[in-house]
There are 2 protein chains.
Amino acid sequence: MREGPDIARIASLVGDPARANMLNALMGGTALTASELALEAGVSLPTASSHLSKLMEGGLLTLASQGRHRYYGLASAQVAGMIEAIIGVAEAVGPKRVRPGPRDAAMRVARVCYDHLAGEQAVAMLDRLFDRKLLLREDSEIRLSSSGAAHFSALGIDIQARARRPVCRACLDWSVRRSHLAGTLGAAILDKIIAEKWARREKESRAVVFSPGGKREFERVFLA
Amino acid sequence: MREGPDIARIASLVGDPARANMLNALMGGTALTASELALEAGVSLPTASSHLSKLMEGGLLTLASQGRHRYYGLASAQVAGMIEAIIGVAEAVGPKRVRPGPRDAAMRVARVCYDHLAGEQAVAMLDRLFDRKLLLREDSEIRLSSSGAAHFSALGIDIQARARRPVCRACLDWSVRRSHLAGTLGAAILDKIIAEKWARREKESRAVVFSPGGKREFERVFLA
DNA sequence: GCGATGTTTCGACCACGATCGAAGCATCGA
DNA sequence: TCGATGCTTCGATCGTGGTCGAAACATCGC
């Protein structure tokens, strides 16, 4: 019972499912807003806010205020390392893999992440957009190339860079552990997918289900 | 959102003060009985028993029954590494360490981490072993070189690589924030240090205290 | 200024889990 | 066989902390 660093305090911060989901979402290194984290964690905005202030007070997060957006990120690589260590143990002791379930499987393939597409389809799409040089990696940023601007414009997706919100942003995918496309462009693409009826949003879920024809169209346009 | 290894489950196991104290006590590497752990955690026996079964179910502990005694120990070096990582974060964000205190200072210099040596001495040793090419970095792994195998063999440390547990592993040190050597080789070196009486283990603590002569010997052999 | 959007605070509710005493098992030494 | 010791299970209590709706606060575009 002797004193030491308060390890229980830190561990219990990670020990709540909602907070664990938030931290997991932040493991990609990109800072996220409170709303995005609320969606990732599957809790309401007030609840998420409460969790975030606890994580802040615990020193696990940093906060960058930009106007009315507040971007939360992991405080340090040390914190990320700790979470990796916990993930490692969880994987080692929990080979459970309880039957994925159909909704779960659908979620892995494609789902909504805030206002853009996530899941295997989205990750594949981002890869392909890089391959075709429609998007360019710049350090940790993503930029729209001139050919990309023309390409999306031809698809009826016009991005006016007016918004304070970045046009392109990488967003880490929990199921694939790689990035997919967020930002206004990501949102616009999801809008198009829904508008063209290539896919529909599953009720009461984040899953996005493509129709057979819609899937072909999507792949022709974005995965070609 | 959810899916993936259940990190919240693992973290919440560590997140209870009583359980955290137990795990901390077990970081010394010696298995302890339920009564000892109850005392260490400052809770009654029934409470401790309940905590222990939770830790067992979570896969964090191993149990060795010997007659009417039941010895609990950490399940693996991986679990120990996770706890070290959490301690590191707790130290970093922790409140204004009030005067380190002598025991704390001794812990920084050298201490037991599960079954191997940690602390400044251990970090310095790993650095030196790399310099002398007795160990080789390979990506994020550590490998024993042929000259290293010969060297340790000459010291009476024979490592049979058959074990499923890796021979060499890096383990992050909370006090120095750099790696020290874990794995069977790390354990064997600690065994030698104790067997040669170069150092003794402080009672009721993880600190390892070198004798003046032992320190010289250790430095001659491992830090030369 | 205005309404719209993003975020936090407040208040109230409720459940989970930590806790302990007493009783039940299990194993030891005779 | 017996009592003693080490540990776990049972049952009941209780407080901490997660949760959300409503409202307040902050900042933007206009």
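For clarity, every value in this text was computed on a predicted model and none was experimentally measured. Note on naming: letters A, B, ... go to the chains in the order of the sequence lines (proteins, then strands), and numbering restarts at 1 for each one.
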Rounding to an integer number of Å, can you tell me how far [X] [atom1] sits from [N] [atom2]?
X: B:L37; N: D:dG6; atom1: CG; atom2: C1'; answer: 13 Å
X: A:L52; N: C:dG6; atom1: CG; atom2: P; answer: 16 Å
X: A:L45; N: D:dA26; atom1: CG; atom2: C1'; answer: 14 Å
X: B:N21; N: C:dT19; atom1: CG; atom2: P; answer: 10 Å
X: A:M22; N: C:dT7; atom1: CE; atom2: P; answer: 12 Å
X: B:L63; N: D:dG6; atom1: CG; atom2: C1'; answer: 13 Å
X: A:L32; N: C:dG6; atom1: CG; atom2: C1'; answer: 15 Å
X: A:L61; N: C:dT7; atom1: CG; atom2: C1'; answer: 15 Å

Legend entry - Ion pair B:E84/B:R111, N-O distance below 4.0 Å: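 The answer is yes: the pair qualifies as a salt bridge.
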Inset, instruction - Taking only Lys NZ, Arg NE, NH1 and NH2, and the carboxylate oxygens of Asp or Glu, determine whether A:R220 and A:E217 approach each other closer than 4.0 Å. - result: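 A salt bridge is present here (some side-chain N lies under 4.0 Å from a carboxylate O).
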Inset, instruction - For C:dT27, take OP1 and OP2 only and decide whether either is under 4.0 Å from a side-chain N or O of B:R70. - result: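 B:R70 to C:dT27 OP1/OP2: no side-chain N or O under 4.0 Å.
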Legend entry - Side-chain N,O (B:Y72) to OP1/OP2 (D:dT8) below 4.0 Å: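 So the side-chain polar atoms of B:Y72 do come within 4.0 Å of the phosphate oxygens OP1 or OP2 of D:dT8, strictly under.
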Legend entry - Contact state string [nucleotides 13-18 of chain C, B base, S sugar-phosphate only, - no protein heavy atom under 4.0 Å]: -----S
Legend entry - Of the listed nucleotides C:dT8, D:dC20, D:dT8, the one nearest the side chain of A:A34: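 The answer is C:dT8, which lies nearest to the side chain.
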Inset, instruction - Check A:L74 against A:A80 and note the closest heavy-atom contact, atom names and distance. - result: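 Distance-wise, the nearest heavy atoms are CD1-CB, 3.9 Å.
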Inset, instruction - Just do the side chain to side chain contact (heavy atoms under 4.5 Å, CB included) check on A:Y72 and A:R70 with the steps written out, would you? - result: CA-CA 6 Å; A:Y72 290 91; A:R70 312 192 71 182; 4.3 Å; yes
Inset, instruction - Under 4.0 Å between any heavy atoms, over every strand shown, what does B:T33 touch: base, sugar-phosphate, or nothing? Just pick one. - result: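 Sugar-phosphate only.
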Legend entry - Which residues share a side-chain hydrogen bond (donor to acceptor under 3.5 Å, both in side chains) with A:S147, sequence neighbours left out: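 A:S145.
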Mark yes or no for whether [X], through its side chain, and [Y], through its backbone, hold a donor-acceptor pair below 3.5 Å.
X: A:R19; Y: A:S12; value: yes
X: A:K192; Y: A:L155; value: yes
X: B:E36; Y: B:T33; value: yes

When you compare the protein's N or O atoms with those of nucleotides 11-13 of chain D, which come within less than 3.5 Å of each other, and at what distance?
none

Inset, instruction - Can you label the angle between the A:W198 ring and the A:F222 ring as parallel, tilted or perpendicular, going by 30° and 60°? - result: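 Because their plane-to-plane angle is over 60°, the rings of A:W198 and A:F222 count as perpendicular.
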